[in-house]
Amino acid sequence: MRKEFPGVVALDDASFCLRRGTVHALMGENGAGKSTLMKILAGVQPPDKGVFRLNGQDVALTSPLDALEKGIAMIHQELNLMPYMTVAENIWIRREPLNRLGLIDHGRMNRMTQELLQRLSIDVEADSLIRDLSISARQMVEIAKAVSYDSEVLIMDEPTSALTEHEVAHLFRIIKSLREQGKGIIYITHKMNELSEIADEVTVFRDGRYIGCMQTERLDRDEIIRMMVGREVTDMFPKEAAEIGDVVLAVNKLTLDGVFHDVSFELRRGEILGVAGLIGSGRSNVAETLFGVTPASSGSINIFGRDIRVSSPQVAMDHGMAFLTEDRKDTGCFLNLSILENMQIAVLNDEHMTAGFVRQQGITALCEEMSATLRVKAPGLYERVENLSGGNQQKVLIGRWLLTNPRILILDEPTRGIDVGAKAEIHRLISKLAGQGVAVIMISSELPEVLGMSDRVMVMHEGRVTGILDRSEADQVSIMQLAAH
Amino acid sequence: MAISNTGQIGKPGGLSLAKFRLPAEARIFAVLLGVAAIFEILGWFLVGQSFLANKERLLVMILQVSVIGIIAVGVTQIIIMGGIDLSSGSVVALTAMVSASLAQTSEFGRAVFPSLTDLPMVVPLVCGLLVGLACGLLNGFVIAKTAIPPFIATLGVMVTARGVAKWYTEGEPISMLSDSYAEIGSGITPVLIFLGVAALFHIVLSYTRYGKYTYAIGANRSAARVSGINVNKHLVVVYAVAGLLSGLAGVVTSARAVSGQAGMGMMYELDAIAAAVIGGTSLNGGLGKITGTVIGVLILGVVTSGFTFLRIDAYYQEIVKGVIIVVAVVADQYRQRNRRS
Amino acid sequence: MAISNTGQIGKPGGLSLAKFRLPAEARIFAVLLGVAAIFEILGWFLVGQSFLANKERLLVMILQVSVIGIIAVGVTQIIIMGGIDLSSGSVVALTAMVSASLAQTSEFGRAVFPSLTDLPMVVPLVCGLLVGLACGLLNGFVIAKTAIPPFIATLGVMVTARGVAKWYTEGEPISMLSDSYAEIGSGITPVLIFLGVAALFHIVLSYTRYGKYTYAIGANRSAARVSGINVNKHLVVVYAVAGLLSGLAGVVTSARAVSGQAGMGMMYELDAIAAAVIGGTSLNGGLGKITGTVIGVLILGVVTSGFTFLRIDAYYQEIVKGVIIVVAVVADQYRQRNRRS
Amino acid sequence: AKIGVTMSAFDDNFLTVLRNGMKSHAGTQKDVSVQFEDAQNDIGRQISQVQNFIAQKVDAIVVNVVDTEVTPKITKMVSAAGIPLVYVNRLPADRVLPAKVAFVGSNEIDSGTQQMKEVCRLMNGKGNIVVMMGDLSNQAARQRTKDVEDVIATPACKGIKIVEKQTAKWSRTEGRDLMMNWLSAGVKFDAVVSNNDEMALGAIQALKAAKRLNGTIVAGVDATRDALTAMKAGELKVTVFQNAAGQGRGAIDTALKLARGEKVPAMNNIPFELVTPANLKNYEARN
Ligand SMILES: Nc1ncnc2c1ncn2[C@@H]1O[C@H](COP(=O)(O)OP(=O)(O)OP(=O)(O)O)[C@@H](O)[C@H]1O
Ligand SMILES: Nc1ncnc2c1ncn2[C@@H]1O[C@H](COP(=O)(O)OP(=O)(O)OP(=O)(O)O)[C@@H](O)[C@H]1O
Ligand SMILES: [Mg+2]
Ligand SMILES: [Mg+2]
């Protein structure tokens, strides 16, 4: 297969082979071309060159519909649901049961949905609107929808990035039963530990090329990372020792009505405070409130010894805070603006302005330097951020906040959807900042990351802090206990 | 507005929580009742008369907005699908011209097509619908094939269709239409047509695949595509249907006026869009109901009649109409937000 | 531990110069040249005259679109910021009325404000600008405070402002304006104002914080908010500035006609939006340039003059104008796609 | 000779007759080509069209002006270019017309006056009337309404009262809706005085449906074909004829004379004529 996008070769001579009744994992760095290949297999995009065979026959897909009819279903990396339609309508779109008049039989459709959801043990009502569901519930609906096609080949593109441990385990049960029914499953993930649990075979891609394929029995973690990145990546969580100083941020009984309650903690200079919890435990909401995006309903925030009413992001920034949000696309990037515009937006304060005019040369130099430090992989500062891979977009956003020289840095899922190599790089950077005296709050759903990076770990459950653990006492078990409560 | 949903909907672990929720139409209906009540009260104080307890007036209220209503039904679908249609008013004019030119009686010396007079009423009706359909297809094809914004595509068709309407008889109005044709626009026929169309499309949007596709495309176009929907095809069909309805509106307009004129339907598109949005259809797509649009149309009708009833000067009518459009939408949003928090 | 930058162009760790890429304006400029060339060639064949080698005609081409141009500059900013403004045409009318009423000479018996005649030209000018500013502020506040779609908010202001313009003198036109006021609209002054405004806002949008914020909000509103931009405040400011420019356009219009009339500026908003979009501004926000809009405005001017030049009947003018709006946007998109693949 | 004509609107019934009058008359002349522009009721657009004609170096310009307040400006522009100019249909506001500028048309004040005087006569000077106005941003609407009010202020018509006055924007359907609203409000009136025939025809339709047409006097202006048909059927009682075709012919002739350098009178008034069932026959074939 070969596929080019303007300026990028996404796939170059890629090959892949899936056996009936197996789960085949697909791995590779961000931008390696995994999703692109899958989109071709699902008829979403046509390949520039190359063919594939289904059950020994050459097929050329013309549309997603064509793929579905030939028995290929796919769960896409981005959620693909209609928010104002019900679960049942979303699952059966285009295949709604009709009554004798040719009208849609909503009753039957809801019953069919309920049956399907029961069979998969997914605890969602057939007639609730998608917009009322949590992200993880939505992901489960996507899975139910894909299963409902009863197709020979099922493609899952990072289905677990928005699921809790509990649901991941559940998903794996579903996958295993499908495998027993003789279906072929392609499974894309960045999470190494999932491989041994679910995959039969692993194929690795790099820069749009096929690198290698191996059986999971003979799986060697380092070997796969080497194949993905092209070199050894030894130290995954390079935590440097940093001098912990005075309290810079003290939060007392912070509450946002109906969302989280009585959140209290302290943060010190040079400290990395990890925040763990299940998805939906309210960690991001606390971060948003700290930064003034959703001002608190009660409680206090004390920054450098002064009580501050953080009523908007501007106030937070004035007090030396910076906030990397969890959703790059929704609240991070200006996709159709350049790297430069994306990086400089938070520093257009008086320091870089003359009478409202931007002193562009100075800022450009700073951005140039920053992207060099962060190793942003792009043709130039004027490249549109839209054309960057996810990891590089993330680096640009980190750059945006580092330019503000923050003293308190809040990072929400700094490495979500980021490949192993880039992840290590971001970790190194966080440590370095802490070493320079920046106080860091790092929200993460990946326990190894939290454990590896944090000086202390705060655990949340349903909008409340259930415990704050020291690095010495924190481990997988103790955190999970507090998180599940 | 918060960047993440602060409403804490759904418990972690994937349980849904289907709260009881007042449907959007009920809220808009409350706005309609509110507006009517205001006129009723003012009526007693200022005119010494009931506003609503008057059968004739109730009929006029609907009658005068029937044409807008027919258009608004088509426009609602388009907006639900995430599009917009600025061409409706001009399509009304063009259709009115064409169908009127085929509905002339032979008594008239200077018919547009002297050989095509005294035709049965169905000929101009069908031709009018076809003209509307053609304009809708043009909209749809341009949007689907070129992927330019619907705002621009339909703006182009709006300007062009108005030009063709003027060119058709070089601006000359078309009169002396047959009685059977005039029938389409007389009495309560326009109201019946409007309500019939609204009922039909209420069913179509709620209970057919056509409807589901329309909502799906408006809510999430790429999701619709990967679910196997032929988005471009459906887009053409929906614009074509809306064109057909604009054509029907043109036929009714010319039948009501018993003449065809190139200046007909001026700015109707904006009234229709306003009615749909007042009725709760979101300009972002994916959300909206025909019942809401019908109520939105009625609000416009009530306001127009109410002003005449209270003998408010035309200037103030316009001033207040603008305010009402905004207030109705704000009120709707406000109630929506209240309910959610 | 280092990770090599396999795909990196230029020095490792650094960024090289951006690839050379034809700017969007160049493509639109090519469309402009193409249109002009067509008229030039047709001119030689059909009229036996050069289209472009005529100083007077070149002036008229710009002159006739100067007012649209001034509005379009303001509208471009709004669209870049992800909004839309339907009220500009009505604001032109209202401003024209108010400023004209303050620019009357005392010779005239029936002045609107008999005690306020023979004022220095700056008074009506400033008052006109203030009226425009007020309308813009109203747009901005409604949109920022109520979060209703700009389409509806500005539609409301459009209807209301037109009503107020008619109410102001009960529809009576305002005439007998002072010579110094008329000066604003005579000769090439409107052209200079248009180009001055365009140059100013080109600089503002490219090199100031105001401009950067405008693009950022249009590209991603919630990201802009999290980046510390006071989105609502900026929104109000941008709508206010656009209102101010509509006000300026109203002053120029009334000075040009040496009278103020409530029917002025009808549909100018659509021409202005069309010019901006033809000029490459995306209705999705975050993308656009004043230079592009200027070229878009010129295309409209060239087309209008070209039709008159070729003695094409008014019907065909309208028909073809619609087609040209669509074709210009399609051509632009097509070239864009071609360039990228 | 090349003549440039700018019309205030193309989709107005009356102006279309006027335009066709010019077109057909020009067709009978040798070597005359006429180019029509549509100002779409936009004065700014009209000024630009005149400027385009000047750049074009046409031999004469005919203007059916959107609003007469603007004529001094147009007169100045066109005179400066040395091109002959003819205003048609609407009386220019210029106090004196310079050389090479002329007016062909009727005095707008007469239309509403003649209409109301006849209605007043039919009502014997007393009773209630409702007034349907055109689009208020339009000059003819204001002028005709004012004429109606002026006539009522005269001693002979003192007994007449205006009970309702609203706009129906020149349109037949809006006229119909407006009348239906009035009827439903129980408004009592003896006559409908409309700024044009279209709205009057709309009123007739509504009155007919409500069986209220008998005993109600309906009056319009323009004497369009549909209006004359309605008058023949006894539905419309009064309208005012404006010789559109005559004005069109006159405008072209005057323009051609000016272009040839001949002298013409500055004001060429083609008067309004009252049309009633009594003299209907004289008009049936004319507009
Ligand atoms: N529509 C598109 N237009 C332009 N470039 C694209 C498009 N889609 C993908 N690309 C580019 O193609 C390359 C491969 O992307 P792809 O999404 O397949 O990566 P991936 O392996 O799925 O990465 P991730 O792990 O981040 O999901 C990337 O460089 C990406 O930027
Ligand atoms: N976009 C959204 N739409 C609907 N509900 C949401 C959305 N984002 C978050 N929520 C809900 O808000 C609540 C709190 O979410 P929050 O994002 O603060 O949790 P979190 O612990 O940070 O989890 P995550 O790992 O998802 O970021 C949860 O119930 C979640 O389901
Ligand atoms: Mg991917
Ligand atoms: Mg989170």
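Below, read A as the first sequence line, B as the second, and so on, with proteins coming before strands; counting in each chain starts at 1.
The CE atom of C:M266 sits 8.5 Å away from the CE atom of B:M266 when rounded to the nearest 0.5 Å. Note that CH2 of B:W167 and OH of C:Y315 are 10.5 Å apart. Values are rounded to the nearest 0.5 Å.
Closest approach of B:T160 to C:G322, counting heavy atoms only: OG1-CA, 3.2 Å. Nearest heavy atom pair, residue C:I148 against residue B:V330, reads CG2-CG2, 3.6 Å. For C:G156 against B:V326, the heavy-atom pair with the smallest separation is CA-CG2, 3.8 Å.
Contact of C:I84 with chain B is made through the side chain alone, with heavy-atom distances under 4.5 Å. Looking at B:E170, the atoms closer than 4.5 Å to chain C (heavy atoms on both sides) sit in the backbone and in the side chain alike. Heavy-atom distances place no part of C:Y168 under 4.5 Å from chain B, backbone and side chain included. For C:I152, the parts lying near chain B are the backbone and the side chain together; criterion is any non-hydrogen pair under 4.5 Å. Of the two parts of C:L270, the backbone and the side chain both hold a non-hydrogen atom closer than 4.5 Å to a non-hydrogen atom of chain B. Contact annotation for C:V142: only side-chain heavy atoms (C-beta onward) come within less than 4.5 Å of a heavy atom of chain B.
The greatest number of non-hydrogen atom pairs below 4.5 Å with chain B, out of C:V320, C:I319, C:I325, C:L283, is found for C:I319. The candidate with the highest count of non-hydrogen atom pairs below 4.5 Å against chain B, out of C:S282, C:G171, C:G163, C:A165, is C:G163. The choice from B:V327, B:V164, B:D313 that makes the most heavy-atom pairs within less than 4.5 Å of chain C is B:V164.
C:K166 has a carboxylate O that lies under 4.0 Å from a charged side-chain N of B:E318, or vice versa, which qualifies the two as a salt bridge.
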(message) Checking C:I273 against B:F151 for the side-chain contact (heavy atoms from CB on, under 4.5 Å) test, could you report, in this order, the C-alpha distance in whole Å, the side-chain angles of both residues, the deciding distance, and whether it holds?
(response) CA-CA 10 Å; C:I273 295 170; B:F151 191 98; 3.5 Å; yes
